[in-house]
Amino acid sequence: MKGLLVKDIRLMLNQKQFFGVVALMAVVFLSVYSDPSFVISYITLMFSIFTISTISYDEYENGMCYLFTLPISRKGYVREKYIFGVITTLLSFTVISVLSFIASAIRHIGFDVKEWIFTGVTSLLLITLVLAVNIPLQLKFEAERSRMAMLVTFAGAFVVAYLVVKITSLVGVDMVKLIERLAETNLKGCVVFACAVWALGMLISYLVAVRVMEKKDF
Amino acid sequence: MLRLENVQKQYKGFQLNCSLEVQEGCVTGLIGKNGAGKSTTFKAILGLIHADDGQIEVLGKPVSELGIKDREEIGVVLADSGFSGYLTIKDLVEMLGSMYQNFQRGYFLKKCEEFALPTDKLIKEFSTGMKRKLQVLAAISHEARLLILDEPTAGLDVIARDGLLDLLREYMEQEGRSILVSSHISSDLEGLCDDIYMIDDGQMILHEDTDVLLSDYAILKVTEEQYETLDKEYILRHKKEGFGYSCLTDQKQFYLENYPKIAIEKGSIDELIMMMVRGEE
């Protein structure tokens, strides 16, 4: 596990150009935007998505085959990708939050801590769920086809959500208002529910990814 | 050290069916033409593909039960795969140091310098030969007991090949070690291996000690008339030629003594492969 983390960190450090561009974007956004929540979510997403890139780098020129002759297990490889994804997400979120706070202070823009917490929690949940969808797809289909599979997955999720809202409206239930009302009356319950859905999503994703890797022939 | 028993793997248009054994303290070679099943055999041994049937034991354990500790005792070179091209040797030193308890950082870096491998350059910019050297150096730098080397000398010039083979001989000086190696350059195997397996179309067609292969095997060049009167008991394969027949035997001495007039050539391993694959039984 440690060796894989070292590898991915090294892969990350070798992509100076990519991270240079992201850092530049962060500086521009922090200088222009008054709303730090967008900058925090966007930059965190850019960094965390690098976990998916590390899988592509492992696959480069059939490299995954050789990687699994080293002292690592297939399950350990999958676990490391999730851990690496969470570490990069949390780390980039922390750094960009501190930078946003400093930028807000310099530019005399109010930094709303309550809003920051809300942005942080929703961003972290959503970004890690994006990873949770992407990791098994990337492992199963590899770079090119996984992009298509990801589009299909998100389109499918959108269609399901749309149908749920439409069908419930036909029976006289407004889902959007219902959720808003629930959030107003029982915020704590909503947060717990969202976290439970998140945890379940991550667990399912991990189990699927492990199964994909264990069945894979190189 | 390593044992394969009736290992089978079916692909579209290809069926692997092989048995093989590598003894402790021995270097075993695997030869065969491209597409014969060498790489598939190596992948099955390393658990990179799931065999349909048969048993594979590595370091005394079924391959499916090999743990991380066991894998530290195996060094590998693969013909069609290697370290991620987006890393440098400096990155690898840190990575391998974290993966292998016995990784010899100093030795590895010293050998990289000797083989002129740049430590700061991305591996994707290396030539095929450089990548191969790097894999061999990584394989022998962590006190492995078993080396599984698929075409370790491919893409190397004569000098580099010689240097690498010397490294493997040096590696074998320590007791309790073994190597399974494949190469399409038969002279590499002649000078390194204790025994040789030959694979063709997924089937093992020959297994012999290298000494026996070089001393007892020969190719008889006979005319049609000579062929008619020839005792064919020790003829393994024959092939029609312009002058008559080429015949492969594993009893050179028998024909030397009983047929002094026929031309008997001490066959090289390349000729042996040709006869085993193209000749008729």
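By convention in this document, chain letters (A, B, ...) are assigned in the order of the sequence lines, proteins followed by strands, and residues within each chain are numbered from 1. Since this is a predicted model, take the numbers as computed values, not measurements.
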Colleague: Take B/Lys131 and A/Glu61 through the test salt bridge (charged side-chain N to carboxylate O under 4.0 Å, His left out) and record every step on the way to the result.
Modeller: CA-CA 12 Å; B/Lys131 285 180 189 167; A/Glu61 289 185 343; 3.2 Å; yes

Colleague: Looking at every heavy atom in both B/Met95 and A/Leu70, which two are closest together, and how far apart are they?
Modeller: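 Looking at all heavy atoms of both residues, the closest pair is CE-CD1, 3.7 Å.
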
Colleague: Is there a side-chain contact between A/Asn14 and B/Tyr86 (heavy atoms, below 4.5 Å)?
Modeller: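 They are not in contact (no side-chain heavy atoms under 4.5 Å apart), so the answer is no.
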
Colleague: Report, as yes or no, whether the 6.0 Å neighbourhood of atom CD on B/Glu175 holds more than 12 heavy atoms from other residues, nucleotides or ligands.
Modeller: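 Counting other residues, nucleotides and ligands, CD of B/Glu175 stays at 12 neighbours or fewer.
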
Colleague: Taking atom NZ as the centre, does A/Lys2 end up with more than 12 heavy-atom neighbours from other residues, nucleotides or ligands that are less than 6.0 angstrom away?
Modeller: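 No.
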
Colleague: Does the side chain of B/Glu94 come within less than 4.5 Å of A/Arg10's, by heavy atoms?
Modeller: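 A side-chain contact exists here, since the closest heavy-atom pair is under 4.5 Å.
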
Colleague: I'd like to verify something: which residue of A/Pro71, A/Cys65, A/Gly76, A/Gly63 has the highest number of heavy-atom pairs under 4.5 Å with chain B?
Modeller: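 With the most close heavy-atom pairs to chain B, the winner is A/Pro71.
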
Colleague: For the atom pair CZ (A/Phe68) and CG (B/Leu78), what is the distance rounded to the nearest 0.5 Å?
Modeller: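 Between A/Phe68 CZ and B/Leu78 CG, I get 13.0 Å after rounding to 0.5 Å.
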
Colleague: Which bit of B/Glu73 comes within less than 4.5 Å of chain A, counting heavy atoms only: side chain, backbone, both or neither?
Modeller: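 Nothing of B/Glu73, per the 4.5 Å heavy-atom cut-off to chain A.
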
Colleague: Verify, without hydrogens or angle tests, whether B/Ser98 (side chain) and A/Gly3 (backbone) share a donor-acceptor contact under 3.5 angstrom.
Modeller: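 No, B/Ser98 side chain to A/Gly3 backbone: no donor-acceptor pair under 3.5 Å.
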
Colleague: Should we say atom CZ of A/Phe38 is surrounded by more than 12 heavy atoms from elsewhere, each under 6.0 Å from it?
Modeller: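 More than 12 heavy atoms, drawn from other residues, nucleotides or ligands, come within 6.0 Å of this atom.
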
Colleague: Which heavy atom of A/Tyr66 sits nearest to which heavy atom of B/Ser81, and what is that distance?
Modeller: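 Minimum heavy-atom separation between A/Tyr66 and B/Ser81: N-OG, 2.9 Å.
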
Colleague: When you compare the side chain of A/Phe218 with that of B/Lys43, does any pair of heavy atoms fall below 4.5 Å?
Modeller: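 Counting from C-beta outward, B/Lys43 and A/Phe218 never come under 4.5 Å.
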
Colleague: Using atom types as modelled and distance alone, determine if a side-chain donor or acceptor of A/Asp217 lies under 3.5 Å from a backbone N or O of B/His50.
Modeller: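 Such a contact is found between A/Asp217 side chain and B/His50 backbone.
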
Colleague: Quick one: of A/Asn62, A/Leu5, A/Leu67, A/Asp58, who has the most non-hydrogen atom pairs under 4.5 Å with chain B?
Modeller: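 Top count of heavy-atom pairs under 4.5 Å with chain B: A/Asn62.
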
Colleague: Should we say atom CD of B/Glu170 is surrounded by more than 12 heavy atoms from elsewhere, each under 6.0 Å from it?
Modeller: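 Atom CD in B/Glu170 is crowded, with more than 12 foreign heavy atoms closer than 6.0 Å.
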
Colleague: Does a side-chain heavy-atom distance below 4.5 Å link A/Leu11 with B/Ser84?
Modeller: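 Yes, at least one pair of side-chain atoms sits under 4.5 Å.
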
Colleague: Which bit of A/Leu4 comes within less than 4.5 Å of chain B, counting heavy atoms only: side chain, backbone, both or neither?
Modeller: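 Both parts, backbone and side chain.
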
Colleague: Does B/Gln8 have more than 12 heavy atoms from other residues, nucleotides or ligands lying within 6.0 Å of its CD?
Modeller: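 More than 12 within 6.0 Å, yes.
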
Colleague: If you count every heavy atom of other residues, nucleotides or ligands that lies below 6.0 Å from B/Lys33 atom NZ, does the total exceed 12?
Modeller: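 Yes, NZ of B/Lys33 has more than 12 neighbouring heavy atoms, counting only those of other groups under 6.0 Å.
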
Colleague: Is the number of heavy atoms from other residues, nucleotides or ligands within 6.0 Å of OH (A/Tyr206) greater than 12?
Modeller: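 More than 12 within 6.0 Å, yes.
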
Colleague: Non-hydrogen atoms of chain B under 4.5 Å away: do they reach the side chain of A/Tyr57, the backbone, both or neither?
Modeller: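 Looking at A/Tyr57, backbone and side chain both touch chain B.
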
Colleague: What part of B/Leu122 gets closer than 4.5 Å to chain A, counting heavy atoms only: side chain, backbone, both or neither?
Modeller: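 For B/Leu122, the side chain is the part near chain A, not the backbone.
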
Colleague: How many angstroms lie between atom CG of B/Asp91 and atom NZ of A/Lys7, to the nearest 0.5 angstrom?
Modeller: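 Taking CG in B/Asp91 and NZ in A/Lys7, the distance rounds to 11.0 Å.
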
Colleague: So do the side chains of B/Met99 and A/Ile72 get within less than 4.5 Å of each other, counting heavy atoms only?
Modeller: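 Yes - at least one pair of side-chain heavy atoms lies under 4.5 Å apart.
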
Colleague: Around atom CG of B/Asn34, are there more than 12 heavy atoms of other residues, nucleotides or ligands at under 6.0 Å?
Modeller: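 Not buried by this count: 12 neighbours or fewer within 6.0 Å.
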
Colleague: Between B/Leu96, B/Leu46, B/Asp80, which residue shows the highest count of heavy-atom pairs closer than 4.5 Å to chain A?
Modeller: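 The option with the most such pairs is B/Asp80.
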
Colleague: Do you know which of B/Asp70, B/Leu48, B/Ile49 has the most heavy-atom pairs under 4.5 Å to chain A?
Modeller: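 Result: the option with the highest number of such pairs is B/Leu48.
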
